[in-house]
Every structure is written in structure tokens, then in C-alpha cells.
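To start, the structure under review is shown below, and the notes come after it.
Each ligand, and each atom within it, is numbered from 1 in the order the structure gives. Along the sequence shown, residues are numbered consecutively beginning with 1. Scope of the values below: all heavy atoms of this structure, side chains included, with no hydrogens, waters or symmetry mates. Note that the structure is a prediction, hence the values are computed from the model and not measured.
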Amino acid sequence: MSGLALATDTTADWTARARRLTPGGVHSPVRAFRAVGLPPLVVDRAAGARLLDVEGRSFIDWIGAWGPALLGHAPAGIVAAVQQAVAEGLAFGLAAPDELTLVERIAERVPGAERVRLLVTGTEATMTAVRLARAATGRTAIVKFAGGYHGHADSFLVSAGSGAATFGVPDSPGVPDEVARATLVAEFNDLAGVEAIFTEHGGRIAAVIVEPVVGNMGCVPPEPGFLEGLRELTRRHGAVLIFDEVMCGFRVARGGAAARYGVTPDLVTLGKIVGGGLPLSALAGRADLMERLAPEGPVYQAGTYAAHPVAVAAGLAMLAEIDALPGLYDTLEARGARLQAGLEDAARRAGVAARVQRVASMWTVFFTDHPVRGWADASHVDRARFARFFRAMFERGVLLPPSPFESAFLSLAHGEAEIAATVEAADGAFREVAR
Ligand code: PMP
């Protein structure tokens, strides 16, 4: 819908109407902007690094659709591919040639992706990964990390990050106790803690699921040796290692975190970038595990919209664009470094205790004077100050993720101008929150 048609429909009107029909007025909790004390941002359209709301306000967007917008919003190549796919039939629910091409492109770049299944959402991919691990090991328990988010399946809603952490609901009502009890929680970057869990429960643990670069408590990099240690521990105890790369896959490197850190998990989940902005996810990994999936094996998983042809077209176009830009990841790294340095300088000038953590094009401003290594650190950041900073940036036309526990995303569309404008806005915003 165009901004013009909605010019009289203010955000307040819209929110009131939406709340009458939809819980909280939004279709995913973080869109409510409650953690920053604002009404939902109601979007009209987005292109490149810019997003326009229905009131005609223009923002430099650092949410990037929560991850997929590696090239910015609406890149021409992906839009054209989608338009063509739409014209060829919206959905078949049957096999089609392009899905195989996409699977080949994934297998060729993701370490350990001997088999690949395409699904729709990240939640489905992680849920299936755990079911597969349980079936293969005959064990029930899983290990996840505090602050790690793997979608909203029951097993994962225990010490989950981002949305759940934002709302202070680490454990959702409605999750059966038996399911929650099967989820053991460790601290990210604390290998000794994971080892202790294995020493006590080793024979019960089907899988360790981890965001190898965490995005869901804000951006937290793995420390040297941590992922290698998880690989070694899981192998020793016969548990399946799952890298949840829904967020960091194809973002922290061409082959994702497994490629960047040289650690090959047993299973990898992908989402976001792999679908080029359309709903598509993937589960990939060791042939002997993946061959257990129906119809080859007995572990059930299915989907009406799995490998949806329009999403497959978008994903293929995305990967083609990435390959057509050989310096892409270096460019993003260089721009990310400039953005980080600019933000750190601005915080220092204002005398604000803030740390910018970044891996490639994932980044977060944490309001704390300690490095954030895991949830024990992240949970102590100054949430009220983040909310004020968010609003000060928002007023200056810069849109950050509306939660202290969500990673921001740099895209190829964020050029020098957008970086400079963001740093300038931060200069004012940090001063404002310093008071
Ligand atoms: N895993 C990770 C690491 C995620 O960041 C997310 C979503 N942000 C998910 C899983 C769930 O994906 P979806 O929202 O598509 O179900």
C-alpha cells in the first residue's frame, strides 16, 4: 500500500485497530517495540538501506528484515527472479528443477552439507534437527545456551534470547514441564560448563544446539576454541552437534560460521539469507543422519510450502548475486569496521559506557563496560539506557532493532553515506543518554 493512501491513518489509529483483532497488534512480538517504549513502526515500503513508514518518515534501516537483507531491501535481481517465478505458478507442492539447483548451491558452500532439505521457517529447521538427533541417538535431552534463540518450538523456549528475553519471559507458559526438563542450559563461551553438563548427563544428551555466532542476545562472537571444544565434546559423548545458522549463515562468511571458524557440525540449519527475503529455510548435514528423514527413513517431516518455488527463486537469485560480487564479504567487513570505530568513538566522546560487538556484518551496541561473552553478561546491560538510545536514534532517522538483545545487520546497501549518517546520529544520541 502506498504511503499516500494511508496518509491519514496514523500509527496510533492503526495500532488501536490492529490491537482489536491481533494480540498486541503485531504478528511477532518484537515488532511491538515495547522494549523501547514506542508504538509499532508501521512500514509502507523499503528499498536499499532505507525504510519508509506509513507516516512518510524515512529511516536508515539496520533491522534488515531481521537478517535476510544482506544486499539491502528489494535488490533488483531478486525482485526480477521472484516476479518471473510468480508468473510461472505460485505453488505446486511438487518437485521442481530449481530446488535442486538451490540445494546444490547450499551443499557446495556449507561444510558438512552432504544432504539438504528445504523447509519454510527457521523454527521448522531447528525443530527437525532436534527430532533427527533424538531419533539417531535414542536420547532425549538437548543442550542449548542461555540467551540462544532457535525458534519457538517447545524445546527451545527455555532461557531463550531476543524476543523472549526482551519481555522477561524466558520460559513460556504452555511448554510442558517434561519438555522443558529435557532442555539443559549452558553458558555460551563457557566450555568447562558444557563439559560439566556432559559429565553429569552425557548418556542422555542427544544434541547440542548453538548459534555459532550469537545474534539473539545481541552479537556475541565465539571465543577461540569454543566451537572446536563443542565439536570435540559432542563427538566424545556421541551427541549430535547442531549449528543454528539461521541468522549467521551466508552472513559471517560465504559458507557461514562453519566455514569461517573451520568447525564442521553434524547438522546445520539455515534461514533468512538462504531465502533471499522470502520464507525458506534449510536443514543440512551428515548423510547418515539426514537419510533418516522421511521418505528415505522413518523420521517424519513435511510441508505444504516446503521448497516453495517463489522462495526458491529468491534464494537462488540471492546466492547468484553473492557469487557475482566476489569482494562482498570483504566490503562488508571494511564497512562494518568503520561503523564500529565510528560508534565507539561517539560513545567515548559522550562518556557513555557502551561496547560495540561485531562479527562481519552483525553488530550490537551493548550498554555495559564489560565485554559480553554470554547471557550472564548480556542480561546485565542497561536496558533503560538502550531504550533511550534507540529513541534518540529513531528521532534522528536511524532505525535500530528495537531490543537490546537483537543483532543489527549491515547490508551492501549501507554505503559510506549511511554509515556516516548513523555515526553522526549516534554522536547526538550518546550525548543525550549520557545525561
Ligand atoms: N534460529 C535463529 C538463530 C534465529 O535467529 C531465528 C529467528 N530469528 C530462528 C532460529 C527462528 O526462525 P523463524 O523465525 O524463521 O522461525
**Q.** ligand 1 atoms in contact with M247 (distance to a heavy atom under 4.0 Å)
**A.** 5 (O)
Q: For ligand 1, note which part of T269 has a heavy atom under 4.0 Å away: side chain, backbone, both or neither.
A: neither
Q. Can you list the ligand 1 atoms lying under 4.0 Å from a non-hydrogen atom of D244?
A. 1 (N), 2 (C), 3 (C), 10 (C)
**Q.** Side chain, backbone, both or neither: K272 near ligand 1, heavy atoms under 4.0 Å
**A.** side chain
Q) Is the shortest side-chain N to carboxylate O distance from R115 to D288 below 4.0 Å? A) no
Q) Which atoms of ligand 1 sit under 4.0 Å from any heavy atom of T121? A) 15 (O), 16 (O)
Q: Using modelled atom types only, decide if a donor and an acceptor are shared between the side chain of R251 and the backbone of G67 within a distance under 3.5 Å.
A: yes
(Q) Is the distance from the ring center of F367 to that of F389 below 6.0 Å? (A) yes
Q) Hey, does G151 come in under 3.5 Å of ligand 1, counting only N/O atoms on both sides? A) no
Q.
Run the ring pair (Phe, Tyr, Trp, His ring centres under 6.0 Å) test on F366 and F386 for me, step by step, so that the C-alpha distance in whole Å, both residues' side-chain angles and the decisive distance to 0.1 Å come before the verdict.
A. CA-CA 8 Å; F366 288 110; F386 172 84; 9.2 Å; no
Q | Per-atom contacts of ligand 1 with T123, taking only distances under 4.0 Å to non-hydrogen atoms | A | 11 (C), 12 (O), 13 (P), 16 (O)
Q. Which atoms of ligand 1 have any heavy atom of E211 under 4.0 Å away?
A. 3 (C)
Q) At the 4.0 Å heavy-atom cut-off, does Y149 count as touching ligand 1? A) yes
Q. What about T126: any of its N or O atoms under 3.5 Å from an N or O on ligand 1?
A. no
Q | For N216, atoms of ligand 1 separated by under 4.0 Å from a heavy atom | A | 2 (C), 3 (C), 4 (C), 5 (O)
Q) Does an N or O from H150, backbone or side chain, lie closer than 3.5 Å to an N or O of ligand 1? A) no
Q | Q301 and R117 side chains, donor-acceptor separation under 3.5 Å | A | yes
Q: Number the atoms of ligand 1 from 1 as they appear, then name those within less than 4.0 Å of a heavy atom of G122, with their elements.
A: 11 (C), 12 (O), 13 (P), 15 (O), 16 (O)
Q | Check: H370/D377 side-chain N/O donor and acceptor closer than 3.5 Å | A | no
Q. Does a donor on one side chain and an acceptor on the other come within less than 3.5 Å for T422 and W62?
A. yes
Q: Find out whether I205 and F198 are in side-chain contact, i.e. whether some heavy atom of one side chain is under 4.5 Å from a heavy atom of the other.
A: yes
(Q) Could you check, using the six-membered ring where one of them is a Trp, whether F188 and F226 have ring centers closer than 6.0 angstrom? (A) yes
